[in-house]
A.B. asks: 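Let me give you the structure first, and then I'll get to my questions.
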Amino acid sequence: MDKKIIESDFEQLKKWHHSGFLESDLLLLDNLSAACFPTEARRMNFIIFALCTRGGATYLLDTRRQQLTPGDILIISEHRVVDAFTPTADLDGLCIMVSVPFFHEIIREVSDISRLFLFTRQYPVMKLREQEQQTFSEYYHFMRTKINDPANHFRRPLLRTLLLAMFYDLSNVIRRAQNNSDHRPSRPDAIFAQFIQLVEANCQRERRVSWYAQQICITPKYLSETVKQVSRRTPNEWIDNYVLLRLRVLLRNTTKSIKEIAREMNFPNQSFLGKYFKEHIGMSPSEYRKS
């Protein structure tokens, strides 16, 4: 019998003690040992950044055994399955959890960061230098101060900017690990990375899986099988993810009309955009903008 995988969402995280959170987008946890990492198979529907400062842990990530030791940074991207998390008695560290939409909203204009983070799907644990550990800790504590200040009118954009700065510093760590690694991406990993780059650049105008397959010079069936194998998501799910991200950004951060947005995002008309958005988000574009 197949092992049942439990879905883990952001709303569950907000119930943890000793945590600070920004709506359903960002959660900070001072004590890594207090994080309810799963002992049973759970799919993470958010992104995790954790710095181990003491002790350690072993766990399974998509059935592959991983080990966490002091000075390690752990990065778990969305839709990965974590199982059998076994901490030492003295485990401690700092943990940042980010919703998928908020993460992509932050990095939407910085394709280099997105490509570098694809590397962590193969290497989710990396060793930080002492100064890098200090830098991550400083980011964490500054964000913790700001997240506990709901009276700050600019709290959300401020936290978004701090996260982007932290992602740049982490990307530098990832680039170093990438250069020092003798890892050569497998054919599926290379196809997935190329697909994501194409989606980031073209989702505003193109949403056909066949078009993306043609750009990579493979069949749509092979592209679908490969993307699902690497990421546990279909090409259509990835395309929808980036399209919906662009739509949310346009609705939230511009004064363009729904009709103008539909034209810019290459939808046949405003009505078609409305149905698409409500099907995926659960409310109309107008309702989302008001909320």
A.B. asks: Does K228 have any side-chain contact (heavy atoms from CB on, under 4.5 Å) partners at least two apart in sequence or in another chain, and if so, which?
C.D. replies: T234
A.B. asks: Are L273 and I281 co-members of a hydrophobic cluster defined by side-chain heavy atoms under 4.5 Å apart?
C.D. replies: yes
A.B. asks: Is there side-chain contact between I196 and E200, with at least one heavy-atom pair below 4.5 Å?
C.D. replies: yes
A.B. asks: Test: ring-ring contact (aromatic ring centres under 6.0 Å, His included). Region: residues 220-241. Which pairs qualify, not counting sequence neighbours?
C.D. replies: F192-W238
A.B. asks: If you measure from OG on S77 to CZ on F46, what distance do you get to the nearest 0.5 Å?
C.D. replies: 12.0 Å
A.B. asks: Please walk me through it: do R42 and V82 pass side chain to side chain contact (heavy atoms under 4.5 Å, CB included)?
C.D. replies: CA-CA 5 Å; R42 282 185 178 270; V82 178; 5.6 Å; no
A.B. asks: For a 4.5 angstrom cut-off between non-hydrogen side-chain atoms, does V81 reach M44?
C.D. replies: no
A.B. asks: Aromatic contact between F167 and F103, with the criterion being ring centroids under 6.0 Å apart: yes or no?
C.D. replies: yes
A.B. asks: Using only atom types and a distance under 3.5 Å, with no angle test, would you say the side chain of R205 pairs donor to acceptor with the backbone of E264?
C.D. replies: yes
A.B. asks: Can you pull the salt bridge (Lys or Arg N to Asp or Glu O under 4.0 Å) pairs that have at least one residue in residues 86-98, sequence neighbours excluded?
C.D. replies: R54-D92
A.B. asks: Are the side chains of M143 and M166 in touch, meaning some heavy atoms are under 4.5 Å apart?
C.D. replies: yes
A.B. asks: Just how far is it from atom CD1 of I73 to atom CD1 of I48, taken to the nearest 0.5 Å?
C.D. replies: 11.5 Å
A.B. asks: Going by heavy atoms in the side chains, are N45 and V100 under 4.5 Å from each other?
C.D. replies: no
A.B. asks: Going from CD1 on I218 to CD on E225, what distance comes out if it is rounded to the nearest 0.5 angstrom?
C.D. replies: 10.0 Å
A.B. asks: For the residue pair F277 and Y288, does the interplanar ring angle fall in the parallel (under 30°), tilted (30 to 60°) or perpendicular (over 60°) class?
C.D. replies: perpendicular
A.B. asks: Is there a side chain to side chain contact (heavy atoms under 4.5 Å, CB included) between N179 and R175 once you walk through the steps?
C.D. replies: CA-CA 6 Å; N179 291 338; R175 181 181 292 277; 3.8 Å; yes
A.B. asks: Does R289 reach the main-chain N or O of S284 with its side chain, forming a donor-acceptor pair under 3.5 Å?
C.D. replies: no
A.B. asks: Before giving the answer on salt bridge (Lys or Arg N to Asp or Glu O under 4.0 Å), spell out for E132 and R176 the whole-Å C-alpha distance, their side-chain angles and the decisive distance to 0.1 Å.
C.D. replies: CA-CA 12 Å; E132 292 165 342; R176 184 181 71 241; 2.5 Å; yes
A.B. asks: With sequence neighbours left out, write down each residue that passes side chain to side chain donor-acceptor pair (under 3.5 Å) with D149, or none if nothing qualifies.
C.D. replies: none
A.B. asks: My understanding is that only residues two or more places apart in sequence, or in another chain, count here; which of them pass ring-ring contact (aromatic ring centres under 6.0 Å, His included) with Y242?
C.D. replies: H104
A.B. asks: So does G56 get a backbone contact from the side chain of T88, meaning a donor-acceptor N/O pair under 3.5 Å?
C.D. replies: yes
A.B. asks: Is it true that L164 and L26 fall in one hydrophobic cluster, defined by side-chain heavy atoms closer than 4.5 Å?
C.D. replies: yes
A.B. asks: Within the side chain of Q133, is there an N or O that forms a donor-acceptor pair under 3.5 Å with the backbone of L128?
C.D. replies: yes
A.B. asks: Cluster question for you: counting only ILVMFWY and a side-chain heavy-atom cut-off of under 4.5 Å, with indirect links fine, are F195 and L244 together?
C.D. replies: yes
A.B. asks: Strictly below 4.0 Å, N to O, side chains only: are R208 and E206 in salt-bridge contact?
C.D. replies: yes
A.B. asks: Drop me the distance from C52's SG to L91's CG, to the nearest 0.5 angstrom.
C.D. replies: 5.5 Å
A.B. asks: Say whether, by atom type as modelled, one donor and one acceptor occur between the side chain of R233 and the main chain of V227 under 3.5 angstrom.
C.D. replies: no
A.B. asks: In chain order, what residues pass the side-chain contact (heavy atoms from CB on, under 4.5 Å) check against Q214, with sequence neighbours excluded?
C.D. replies: none
A.B. asks: Sequence neighbours left out, what passes side-chain contact (heavy atoms from CB on, under 4.5 Å) with P157? Give chain and number order.
C.D. replies: F154, R160
A.B. asks: List the steps, then state whether side chain to side chain contact (heavy atoms under 4.5 Å, CB included) holds for L94 with S137.
C.D. replies: CA-CA 8 Å; L94 304 173; S137 178; 3.9 Å; yes
A.B. asks: Of all residues at least two apart in sequence or in a different chain, which pass the salt bridge (Lys or Arg N to Asp or Glu O under 4.0 Å) check with R129?
C.D. replies: none
A.B. asks: Is the closest side-chain heavy-atom distance between R263 and N269 below 4.5 Å?
C.D. replies: no
A.B. asks: Hey, does I75 have a side-chain heavy atom less than 4.5 Å from the side chain of P124?
C.D. replies: no
A.B. asks: Is the Y123 to F119 ring centre distance short of 6.0 Å?
C.D. replies: yes
A.B. asks: Going by an N to O cut-off under 4.0 Å, is there a salt bridge joining R156 and E23?
C.D. replies: yes
A.B. asks: Run the side chain to side chain donor-acceptor pair (under 3.5 Å) test against D169 and tell me which residues pass, sequence neighbours left out.
C.D. replies: Y139
A.B. asks: Return yes if a side-chain donor-acceptor contact under 3.5 Å exists between Y212 and N202, otherwise no.
C.D. replies: no
A.B. asks: So which of L158, L159, L162 actually passes side chain to side chain contact (heavy atoms under 4.5 Å, CB included) with I147?
C.D. replies: L159
A.B. asks: Under the rule for side chain to side chain donor-acceptor pair (under 3.5 Å), what residues qualify as partners of E138, not counting sequence neighbours?
C.D. replies: Q134
A.B. asks: Hey, can you tell me if Y276 and H280 have their rings parallel, tilted or perpendicular (30° and 60° cut-offs)?
C.D. replies: tilted
A.B. asks: List for me each residue that meets side chain to side chain donor-acceptor pair (under 3.5 Å) alongside D72, sequence neighbours excluded, and say none if there are none.
C.D. replies: T69, K127
A.B. asks: In Å and rounded to the nearest 0.5 Å, what is the CG to CD1 distance from N241 to I239?
C.D. replies: 10.5 Å
A.B. asks: Please list, chain by chain and in numerical order, all residues satisfying side-chain contact (heavy atoms from CB on, under 4.5 Å) with T161, sequence neighbours excluded.
C.D. replies: none
A.B. asks: Are the side chains of M97 and I47 in contact, using a 4.5 Å heavy-atom criterion?
C.D. replies: no
A.B. asks: Check the pair L60, F85 against side chain to side chain contact (heavy atoms under 4.5 Å, CB included), reporting the backbone distance first and the verdict last.
C.D. replies: CA-CA 7 Å; L60 298 178; F85 190 86; over 6 Å; no
A.B. asks: Does D30 reach the side chain of Y140, with side-chain heavy atoms less than 4.5 Å apart?
C.D. replies: yes
A.B. asks: Say you draw a straight line from SG of C203 to CG of L245; how long is it, rounded to the nearest 0.5 Å?
C.D. replies: 8.0 Å
